[in-house]
Amino acid sequence: MGLHSIRMPDIGEGIAEAEIAEWLVTIGQQVREDDALVAVMTDKATVEIPSPVAGKVLWLAGAPGDVLAVGAEMIRLEVEGGAGAASTPASAPEAVPAPPVEPAPAASPPKAAPQATTAPAPSPAPAAPLRPEGEKPLAPPSVRARAREAGVDLRMLRGSGPAGRITHADLDAFIASGGLPAAPGPQPDQTVEEIRVIGLRRKIAERMEIATHIPHITIVEEVDATAIEDLRQRMNAPGGAKLTLLPFVARAMVRALREQPMLNAHYDAAAGLIRRFGAVHLGIAAQTPSGLMVPVLRHAEALGLRETGAEIARLAQAARDGTARREELSGSTITITSLGPLGAIATTPILNAPEVAIVGVNRLAVRPFWNGSAFEPRRMMNLSCSFDHRIIDGWDAAVFVARLKELLETPALIFVEA
């Protein structure tokens with residue numbers, strides 16, 4: 001028998017390390033060639049690393065949440081063959097990345113730490129006796145006087161007031177029960193659970209921490225979406241693919257960005273460099289069981305309305321079920337975010353750095369609208385758009401939002417070339 005050491009492979013250009021998201025094997029388990037050993041997470045996606053050989057798992061290099069550098073020893077297998085140790089990197093996976101997953105408990109590797117600790121809940125207090133013999137019950141003089149008149153021994157009562165003080169309500173309940181001690185009330189919950197932030201949640205936290213260093217400016221504008229909703233419903237023929245509002249917003253953004261290309265850009269603060277893109281790679285923020293992900297609608301400027309709708313639906317589903325490829329989860333130049341029917345009246349979207357703009361779509365609702373002579377019901381929504389104020393001035397941001405409003409309120413303009 002011999003030892004075979006598997007090292008962290010190079011799983012993408014520019015990736016120097018990866019985080020262990022979940023061990024898919026345990027110590028002592030027999031694995032076959034090409035069996036998945038571990039799911040690791042990079043800045044771009046979660047992928048599964050297969051075994052290049054068959055053997056028995058002897059050692060794992062850490063717990064979920066630990067970060068390993070490319071080339072670091074990851075797992076040791078006992079394999080058939082000579083006694084000499086072999087050390088080879090696992091092949092870089094070509095399969096579709098596995099979905100980001102919350103970690104399962106590790107198989108007791110050397111550096112493993114418990115994922116959560118829970119303090120023991122307090123034992124319920126006994127019904128009687130309620131206090132040590134000789135200890136005087138706490139009660140105000142008026143309660144004591146009533147207890148004497150009723151022949152009640154206050155030591156048999158459980159006080160509900162501060163520090164166990166017996167109140168008139170406690171005395172009334174005791175008398176009404178026929179002299180039975182009150183049942184113990186709800187006990188305070190003293191449990192404290194410590195949850196290690198790992199995997200996709202840690203990546204989200206890191207991105208949000210970066211975003212806190214960006215001076216945001218947010219503009220909220222009201223949009224009358226009645227016309228575009230009428231158009232959308234007319235285009236949703238029975239039996240066909242259903243268009244949501246997002247493809248219309250995406251097309252409007254493409255038109256507005258032609259007039260203000262500086263918003264379709266990245267800002268590299270360290271290099272003092274703005275990268276302005278001709279292509280509109282639209283990030284679509286999508287909520288998944290593992291957390292927020294942003295699949296990318298590539299070359300939105302080259303897609304028609306129905307193509308845009310179909311691709312948005314495909315990307316959102318791929319993100320939710322974990323089949324999105326690495327290249328579909330990176331490279332956006334501007335992002336759109338929407339909470340759909342759960343959305344609020346207004347939000348303050350956080351920039352998806354290094355992008356300089358993000359468009360938030362809020363809940364659509366029927367509201368009274370003054371048309372100049374009377375109120376009428378209209379389908380209204382708010383756009384909440386945030387910008388990197390280091391690069392985008394308030395005037396330019398307002399012009400962009402006003403143009404989006406115009407396009408969405410007059411949807412024919414979206415499809416008419418200037």
Side-chain angles (χ1 to χ4, degrees), residues 211 216-233 235-236 241-257 260 263-264 280-288 291-297 300-301 303 305-317 319-320 332-352 355-367 369 378-388 392 397-411 413-415:
H216 284 60
I217 176 175
T218 299
I219 296 178
V220 180
E221 179 60 274
E222 187 177 51
V223 174
D224 183 350
T226 305
I228 204 163
E229 273 293 284
D230 289 341
L231 175 61
R232 186 181 69 84
Q233 291 175 11
M235 295 181 69
N236 282 339
K242 300 297 184 182
L243 286 169
T244 66
L245 187 60
L246 284 186
F248 294 91
V249 177
R251 294 302 305 156
M253 290 174 62
V254 169
R255 290 298 302 271
L257 289 171
Q260 287 187 289
L263 275 68
N264 190 45
V280 179
H281 299 319
L282 190 59
I284 309 292
Q287 189 65 36
T288 74
L292 186 67
M293 301 182 72
V294 186
V296 181
L297 175 68
E301 79 283 357
L303 299 178
L305 182 67
R306 291 198 178 276
E307 291 175 303
T308 300
E311 186 65 2
I312 288 176
R314 185 191 70 80
L315 288 168
Q317 186 59 44
R320 284 191 290 268
S332 58
T333 58
I334 187 171
T335 293
I336 181 172
T337 179
S338 170
L339 291 176
L342 294 177
I345 295 175
T347 53
T348 53
I350 303 297
L351 286 167
N352 184 21
E355 297 167 21
V356 299
I358 184 171
V359 173
V361 181
N362 296 294
R363 184 177 63 233
L364 187 71
V366 176
R367 304 176 197 162
F369 181 81
R378 305 288 288 182
R379 289 191 285 268
M380 308 293 292
M381 70 176 184
N382 290 335
L383 291 179
S384 299
C385 305
S386 295
F387 307 88
D388 187 337
I392 307 302
V399 169
F400 175 75
V401 176
R403 181 58 169 157
L404 281 182
K405 173 183 171 70
E406 179 185 26
L407 291 167
L408 293 173
E409 291 186 338
T410 314
L413 296 176
I414 299 175
F415 308 101

Rounded at 0.5 Å granularity, tell me how far [atom1] in [X] sits from [atom2] in [Y].
X      : Y      : atom1 : atom2 : value
Arg251 : Leu408 : CZ    : CG    : 12.5 Å
Ile414 : Leu407 : CD1   : CG    : 5.5 Å
Asn352 : Thr337 : CG    : OG1   : 10.0 Å

Looking at side-chain heavy atoms only, is the closest gap between [X] and [Y] below 4.5 Å?
X      : Y      : value
Gln287 : Leu292 : yes
Val359 : Leu404 : yes
Arg232 : Ile228 : no
Leu413 : Arg255 : no
Ile217 : Ile392 : no
Ile336 : Ile358 : no
Met253 : Asn264 : no
Leu243 : Leu305 : yes

* Asked: Any side-chain donor-acceptor pair under 3.5 Å between Glu355 and Ser332?
  -> yes
Mind checking what makes side-chain contact (heavy atoms from CB on, under 4.5 Å) contact with [X], not counting sequence neighbours?
X      : result
Leu303 : Leu297, Glu307, Thr308
Asp224 : Thr226, Arg378, Met380, Glu409
Leu231 : Met235, Phe248, Pro411, Phe415
Val401 : Ile219, Glu221, Cys385, Phe387

How would you list, by chain and number, every residue that makes a side-chain hydrogen bond (donor to acceptor under 3.5 Å, both in side chains) with [X], sequence neighbours excluded?
X      : answer
Arg403 : Glu259, Glu406
Thr218 : Ser386
Ser338 : none
Arg363 : none

Sorted by chain and residue number, the salt bridge (Lys or Arg N to Asp or Glu O under 4.0 Å) partners of Glu311 (sequence neighbours excluded) come out as Arg314
Across all chains, not counting sequence neighbours, the salt bridge (Lys or Arg N to Asp or Glu O under 4.0 Å) partners of Glu222 are Arg367
Shortest non-hydrogen contact between [X] and [Y], atoms and distance:
X      : Y      : value
Leu245 : Val361 : CD2-CG1, 4.4 Å
Leu364 : Ala225 : CD1-CB, 3.6 Å
Ile334 : Ala357 : CG1-O, 3.3 Å

Give a yes or no answer on whether the side chain of [X] reaches the backbone of [Y] with a donor-acceptor pair at less than 3.5 Å.
X      : Y      : value
Thr288 : Arg320 : no
His281 : Val296 : no
Asn382 : Ile345 : yes

Give the intermediate values and the outcome of side chain to side chain contact (heavy atoms under 4.5 Å, CB included) for residues Thr348 and His216.
CA-CA 9 Å; Thr348 53; His216 284 60; over 6 Å; no
Apply side chain to side chain contact (heavy atoms under 4.5 Å, CB included) to residues Lys405 and Leu383 and explain how you reach the verdict. CA-CA 8 Å; Lys405 173 183 171 70; Leu383 291 179; 5.5 Å; no
Note to self: Show, in sequence, the C-alpha distance, side-chain angles and deciding distance for Thr335 and Ile284, and conclude whether the side chain to side chain contact (heavy atoms under 4.5 Å, CB included) test is met.
What the structure shows: CA-CA 6 Å; Thr335 293; Ile284 309 292; over 6 Å; no
